[in-house]
Amino acid sequence: MGMEENNIGGIVLAGGLSSRMQTEKGMVQFCEKPMVQWVLDALLPLVSDLVIVANNPVYAQLGYRVVKDDFKEVGPVGGLCTGLRNIRTEVNFVLSCDIPLITTDLLRYLLGQLGDASAIAAQTVERKQPLVSIYRKSCLAGLIENVAGGRLRMDTALASAGGSYFTFPGSFAGFDPKCLRNFNSPEDVASFDCEAGNLRTH
């Protein structure tokens, strides 16, 4: 897989209902590859372990470990807990499967902002991105307590893990805010011009 030997892992969350996409979101073709494959490709140069949290067995064809979500109907925080339970590494990227424009450089930069913190997540001036994040495996027990107590918001998970948001400024070298864009519907996918690398304006 070409993954480095280090103590950094990648957890990709693909267990959502995909209600707006109306098909398995991560496997939707985006610029000639499944959307989730773009996310995996951005992670691979940085990690030594990788797990996809998904309830659909179709993800097994990608060649990486797939685990079923241990927590039903609690949203992405359940996938986060499942991923941390199954990953072998201490420091772990946690990414949704619907951000195909994410880049290795952006993830490497976010990792550099973690320091001694337990968790960190990305945001732009306009929007928080709780599923472009990094969590230490040591956060797991507290996150499971959140789920048990019905505290299911990802903002709550980040705060209770002792983490915070890092704002990517528009002036960050090589950073384009569209790297963090979620593609949630067929219309979102159709709006992207793969050849030009931009959202269509008409």
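Just so it is clear, the model here is predicted, and its values are computed rather than measured. Each residue takes its place number in the sequence, starting with 1.
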List the steps and the verdict of side chain to side chain contact (heavy atoms under 4.5 Å, CB included) for I134 and F166. CA-CA 11 Å; I134 301 170; F166 172 78; over 6 Å; no
What's the verdict on side chain to side chain contact (heavy atoms under 4.5 Å, CB included) for L46 and L111, showing C-alpha distance, side-chain angles and the deciding distance? CA-CA 10 Å; L46 302 175; L111 180 64; 5.7 Å; no
Would T89 and I8 satisfy side chain to side chain contact (heavy atoms under 4.5 Å, CB included), going step by step from the backbone distance to the final call? CA-CA 5 Å; T89 41; I8 300 167; 5.7 Å; no
Pair L152-N146, side chain to side chain contact (heavy atoms under 4.5 Å, CB included): steps then yes or no: CA-CA 7 Å; L152 305 180; N146 278 1; over 6 Å; no
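Side-chain contact between V36 and M27 is present, with at least one heavy-atom pair separated by less than 4.5 Å. Side-chain contact check for D176 versus L101: every heavy-atom pair is 4.5 Å or farther apart. L143 has its side chain within reach of L84: a pair of non-hydrogen atoms, C-beta onward, lies under 4.5 Å apart. Side-chain atoms of L180 and I102, non-hydrogen and from C-beta on, do get closer than 4.5 Å to each other. Proximity of F71 to V77: side-chain heavy atoms (C-beta onward) are nowhere separated by under 4.5 Å. Put simply, the side chain of V53 reaches to within 4.5 Å of the side chain of V67, judged on heavy atoms. Looking at heavy atoms from C-beta onward, S191 lies in side-chain contact with R181 at the 4.5 angstrom threshold.
Judged by distance alone, with hydrogens and angles left aside, the side-chain atoms of R85 form no donor-acceptor pair with the main-chain N or O of D70 at under 3.5 Å. In terms of modelled atom types and a separation under 3.5 Å, the side chain of S133 and the main chain of V94 share a donor-acceptor contact. Between the side chain of N182 and the main chain of N184, no donor-acceptor pair closer than 3.5 Å is present. With T103 contributing its side chain and L106 its backbone, the two residues share a donor-acceptor pair below 3.5 Å. Between the T104 side chain and the A42 main chain, a donor and an acceptor come within less than 3.5 Å of each other. Between the side chain of Y59 and the backbone N or O of G26 there is at least one donor-acceptor pair closer than 3.5 Å.
The two residues L158 and A119 have their closest heavy-atom pair at CD1-CB, 3.8 Å. Nearest heavy-atom pair, N6 versus V47, reported as atom, atom and distance to 0.1 Å: OD1-C, 3.8 Å. In terms of heavy-atom proximity, L114 sits nearest to S118 at CD1-C, 4.4 Å. Nearest heavy-atom pair, G10 versus I87, reported as atom, atom and distance to 0.1 Å: O-CD1, 3.6 Å. Across every non-hydrogen atom of V39 and I99, the tightest pair is CG2-O, 3.7 Å. Across all non-hydrogen atoms, the minimal contact from A122 to Y165 is O-CD2, 3.5 Å.
Here the straight-line distance linking atom CE of M35 with atom CD of E24 works out to 10.0 Å at 0.5 Å rounding. The structure places CG of L43 at 5.5 Å from CG of L107, a figure rounded to the nearest 0.5 Å. Taken to the nearest 0.5 Å, the NZ atom of K137 stands 10.0 Å off from the CZ atom of R88. From S164, atom OG reaches atom CD of Q123 across 9.0 Å, with rounding to the nearest 0.5 Å. Here the CG-CG distance, from N92 to N86, works out to 11.0 Å after rounding to the nearest 0.5 Å.
The salt bridge (Lys or Arg N to Asp or Glu O under 4.0 Å) contacts involving residues 89-102 comprise K25-D98, where partners must be two or more places apart or lie in separate chains. Residue pairs satisfying the disulfide (SG to SG under 2.5 Å) criterion with at least one member in residues 33-141, sequence neighbours excluded, are absent. Residues in residues 116-134 take part in these salt bridge (Lys or Arg N to Asp or Glu O under 4.0 Å) pairs, two or more places apart or across chains: K128-D155.
Classification of the F183-F30 ring pair by plane angle, with boundaries at 30° and 60°, yields perpendicular.
A141 is linked by a side chain to side chain contact (heavy atoms under 4.5 Å, CB included) to nothing, counting only residues two or more places apart in sequence or in another chain. K33 is linked by a side chain to side chain contact (heavy atoms under 4.5 Å, CB included) to Q37, W38, D41, counting only residues two or more places apart in sequence or in another chain. Here T82 pairs with D69 under the side-chain hydrogen bond (donor to acceptor under 3.5 Å, both in side chains) rule; sequence neighbours left out.
Counting non-hydrogen atoms of other residues, nucleotides and ligands closer than 6.0 Å to CD of Q29 gives a total above 12.
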